[in-house]
Structure formats: C-alpha cells, structure tokens
Number of protein chains: 2
Amino acid sequence: MEALANPYRLKIIALLAGRRIHVSQLAREMVISRPLLYMHLKRLENARLVTSKIELSEDGKAMNFYELIPFAIVLSPETIGEASKTLTVQKSAGTAPGTKGEKGDK
Amino acid sequence: MEALANPYRLKIIALLAGRRIHVSQLAREMVISRPLLYMHLKRLENARLVTSKIELSEDGKAMNFYELIPFAIVLSPETIGEASKTLTVQKSAGTAPGTKGEKGDK
DNA sequence: TACACCTGTAATTATTTTATTACAGGTGTA
DNA sequence: TACACCTGTAATAAAATAATTACAGGTGTA
C-alpha cells in the first residue's frame, strides 16, 4: 500500500508496463538519479510488485532488468476492512495518552 | 493514494464502514489521541474518502460525525499507467544529477 | 463549582521517507 | 590508458509525516 504512495513509484510501474528495462535506462527515462531509483525499486520489490534479474548483454556487460509482477488490487471500504484486520502499527506498545485517563482534559 | 498509505487511516475506514461515528468515540475505539486522529481524518477528508457533519445530540452537545464516501479503486499496472500521466512531482524543477552529464561517473 | 463529556488547534518533537553526494568496482572499445 | 557504459552501496542532508503536549472553549449534571 505504502509502496504505491509515491509518484515516482507509480511512474516506474507505468514505464514497466509491458516491457522490461534495466536500471540505468529506467533512470534516464525517469530523469532521476540511480541511487534514488534504487531506493524506489527496493520498495517496490519489497511489496512484491516488481522483480529483477541480472543478465549479460551481447558484450559482457551485466544488466539488471526489472519487470512487473502482475497485480490487481481493489480498494473499497470492504476490502480495506478485511485487510486492516491483518495490519499492525509497529513500534513498541505504549498507551494512548489523552484518551482514557483524562479528568475533563485540562 | 498516499491517503491510504497508513495503517491508522485504513483502520479508520474499516471502523467507519457502514456506520457513522463521532470523533471522540472513534479515538476511543482506535486507542489513539484526538489530535493524532484529527490529523489522519484531515488527510482522509482531503482525499475525499470521508466527510464530517456536526450535529447536536439530545442534550445540547455538539458532535462531529464522520462517515465514509463510498469508493472503489482498482489498482493495476494499466490503471496506474493512466493515473500516472496526471501526476507530477512537486517541488521546484532541478535537473537529475548523475543521470546525463557524467563522464564515466568518477 | 467540579466533573465528565464534547469541540478544536498551535507548537513542538520524533520518526520516516526522500534525495543527494561520494564512493568502489566491472566490461568493452578507441 | 581514457572513456563510456554498466553494477551497486554507505553516509548524509533535507523534507514530509506522524505523534505528543499544552492549550482554549463549549454543554449538561451532581
């Protein structure tokens, strides 16, 4: 979900639709730096939305090609209701101040 | 899109599914503080996923009830491709260092 | 009046996310 | 060897988000 919460990442998916592109080429098409692209690609990989595979070009150069993992997600109050059962708010525990122990609040 | 990129906000939608709840009650059910809840609600409102309406309870207390605006969004490479045409990366302009003018990079 | 509810918001701090800079190392060709 | 490509990552800076604290003000009831 958070994986799709960024315009660059949406654009990566758009550019990857139907074809495979290697990192440097993708960086050029997006007009962003490679380190930044790597960061976004990592997020997409973690979310299982893309995969990569290193291949050797005709000359001996290693190229890392990315491609989409097909997906179709429907977002509606119902599907979110289902999904939210799974979700957790990481971090430690902690009570919720300002919610129960208040005597009139001030 | 970013509006749904947070577990609390997903939970708000889950809790709001089918019923209307006022702010304080919602804060209790979610076990978070009201200020935090307000922040998340504001984001959901900006994304047009929820609306609020202030009503007076039987005794004269003002209650701000929130409810869902029905929605159903399909996320797939195709729909994202469409959507990404619209999107922009705010901020100023700026070139993309490390992408074109490099002479061998180091 | 005190208390238990309700409404909000401004200011600050903490945390996460995004983005840049600076590296390090590989292959092939002129 | 220099150059033009390719691969990556560690460290840092900048910006956006999330969360807390501290207020301010309202109604109704004991």
Side-chain angles (χ1 to χ4, degrees), chain A residues 1-9 11-12 21-28 30-47 52-66 89-106, chain B residues 1-9 11-12 21-28 30-47 52-66 89-106:
Chain A
M1 202 62 267
E2 296 87 6
L4 295 173
N6 175 286
Y8 281 137
R9 290 198 288 272
K11 189 165 188 184
I12 289 172
I21 318 179
H22 67 82
V23 179
S24 291
Q25 178 62 24
L26 189 53
R28 275 191 297 269
M30 299 201 49
V31 196
I32 63 175
S33 65
R34 276 185 310 110
L36 181 54
L37 178 57
Y38 274 113
M39 188 272 273
H40 287 303
L41 285 174
K42 195 150 292 177
R43 279 176 176 276
L44 289 171
E45 279 191 287
N46 291 342
S52 64
K53 191 179 173 190
I54 295 173
E55 293 175 19
L56 288 153
S57 60
E58 297 159 15
D59 43 335
K61 289 173 186 159
M63 319 275 268
N64 195 357
F65 281 89
Y66 271 84
V89 179
Q90 56 265 79
K91 308 297 305 178
S92 60
T95 47
T99 309
K100 48 171 203 302
E102 288 177 325
K103 292 215 183 68
D105 183 32
K106 72 176 171 191
Chain B
M1 203 63 266
E2 297 88 7
L4 295 173
N6 175 288
Y8 281 137
R9 292 200 286 274
K11 189 165 187 183
I12 289 173
I21 320 179
H22 67 82
V23 179
S24 289
Q25 178 63 24
L26 189 52
R28 275 192 296 271
M30 298 201 49
V31 197
I32 63 174
S33 66
R34 276 185 310 109
L36 180 55
L37 177 56
Y38 274 114
M39 188 273 272
H40 287 304
L41 285 173
K42 195 150 292 175
R43 280 175 176 275
L44 289 171
E45 279 190 289
N46 291 344
S52 64
K53 193 181 173 191
I54 296 174
E55 292 175 19
L56 289 152
S57 59
E58 297 161 14
D59 44 336
K61 288 175 187 161
M63 319 275 267
N64 195 357
F65 281 89
Y66 272 84
V89 179
Q90 56 264 77
K91 307 298 306 179
S92 60
T95 49
T99 309
K100 49 172 202 303
E102 287 178 324
K103 291 212 184 71
D105 182 33
K106 72 177 170 190

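Chain letters run A, B, ... following the sequence lines, proteins first, then strands; residues in each count from 1.
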OP1, OP2 of [N] versus side-chain N and O of [X]: anything below 4.0 Å?
{"X": "A/Arg28", "N": "D/dC6", "result": "yes"}
{"X": "A/Lys42", "N": "D/dT9", "result": "yes"}
{"X": "B/Asn6", "N": "D/dT17", "result": "no"}
{"X": "A/Ser33", "N": "C/dA19", "result": "no"}

Legend entry - Partner residues of B/Lys61 under the salt bridge (Lys or Arg N to Asp or Glu O under 4.0 Å) criterion, sequence neighbours left out: B/Asp59
Inset, instruction - Check salt bridge (Lys or Arg N to Asp or Glu O under 4.0 Å) between A/Glu55 and all other residues, then give those that pass, not counting sequence neighbours. - result: A/Arg20
Can you measure [X] atom [atom1] to [N] atom [atom2] for me and round it to whole angstrom units?
{"X": "A/Ile32", "N": "C/dT20", "atom1": "CD1", "atom2": "P", "result": "9 Å"}
{"X": "B/Tyr8", "N": "D/dT17", "atom1": "OH", "atom2": "C1'", "result": "14 Å"}
{"X": "A/Leu36", "N": "D/dA11", "atom1": "CG", "atom2": "C1'", "result": "16 Å"}
{"X": "B/Arg34", "N": "D/dG26", "atom1": "CZ", "atom2": "P", "result": "16 Å"}
{"X": "B/Asn64", "N": "D/dG26", "atom1": "CG", "atom2": "P", "result": "18 Å"}
{"X": "B/Glu2", "N": "C/dT18", "atom1": "CD", "atom2": "P", "result": "9 Å"}
{"X": "B/Asn46", "N": "D/dA18", "atom1": "CG", "atom2": "P", "result": "12 Å"}
{"X": "B/His40", "N": "D/dT20", "atom1": "NE2", "atom2": "P", "result": "9 Å"}

Inset, instruction - Please identify each residue that fulfils side chain to side chain contact (heavy atoms under 4.5 Å, CB included) with A/Gln25, with sequence neighbours left out. - result: A/Ile21, A/His22, A/Arg28, A/Glu29
Interatomic spacing from [atom1] in [X] to [atom2] in [Y] - rounded to 0.5 Å:
{"X": "B/Leu56", "Y": "B/Met63", "atom1": "CG", "atom2": "CE", "result": "9.5 Å"}
{"X": "B/Ile12", "Y": "B/Leu37", "atom1": "CD1", "atom2": "CG", "result": "5.0 Å"}
{"X": "A/Met1", "Y": "B/Asn6", "atom1": "CE", "atom2": "CG", "result": "11.5 Å"}

Let's see if you can work this out: which of [options] has an atom nearest to the side-chain heavy atoms of [X]?
{"X": "B/Met63", "options": "D/dT21, C/dG8, C/dC6", "value": "C/dC6"}
{"X": "A/His22", "options": "D/dG8, C/dT9, D/dC6", "value": "D/dC6"}
{"X": "B/Met39", "options": "D/dT20, C/dT18, D/dA18", "value": "D/dA18"}
{"X": "B/Arg9", "options": "D/dT9, D/dA18, C/dC6", "value": "D/dA18"}

Legend entry - Heavy-atom donor-acceptor pair, B/Arg43 side-chain to D/dT17 base, under 3.5 Å: no
Where do N or O atoms of nucleotides 27-30 of chain D meet protein N or O atoms at under 3.5 Å, pair by pair?
{"residue": "D/dG28", "atom": "OP1", "partner": "B/Gly60", "partner atom": "N", "Å": "3.4"}

Legend entry - Base-pair map of DNA chain C as dot-bracket, where | denotes pairing with a different strand and pairs are Watson-Crick or G-U under 3.5 Å: ||||||||||||||||||||||||||||||
Inset, instruction - Grab the two heavy atoms, one from A/Ala27 and one from A/Arg34, that are nearest each other, plus how far apart they are. - result: CB-CG, 3.9 Å
Legend entry - Nearest atoms (heavy-atom pairs only) where A/Pro7 meets B/Glu2: CD-OE2, 4.3 Å
Taking only distance into account, with no hydrogens and no angle test, what donor-acceptor pairs under 3.5 Å do side-chain atoms of residues 38-45 of chain B form with protein atoms, sequence neighbours excluded?
{"residue": "B/His40", "atom": "ND1", "partner": "B/Arg9", "partner atom": "NH1", "Å": "3.0"}
{"residue": "B/Glu45", "atom": "OE1", "partner": "B/Tyr66", "partner atom": "OH", "Å": "3.1"}
{"residue": "B/Glu45", "atom": "OE2", "partner": "B/Ser52", "partner atom": "OG", "Å": "3.3"}

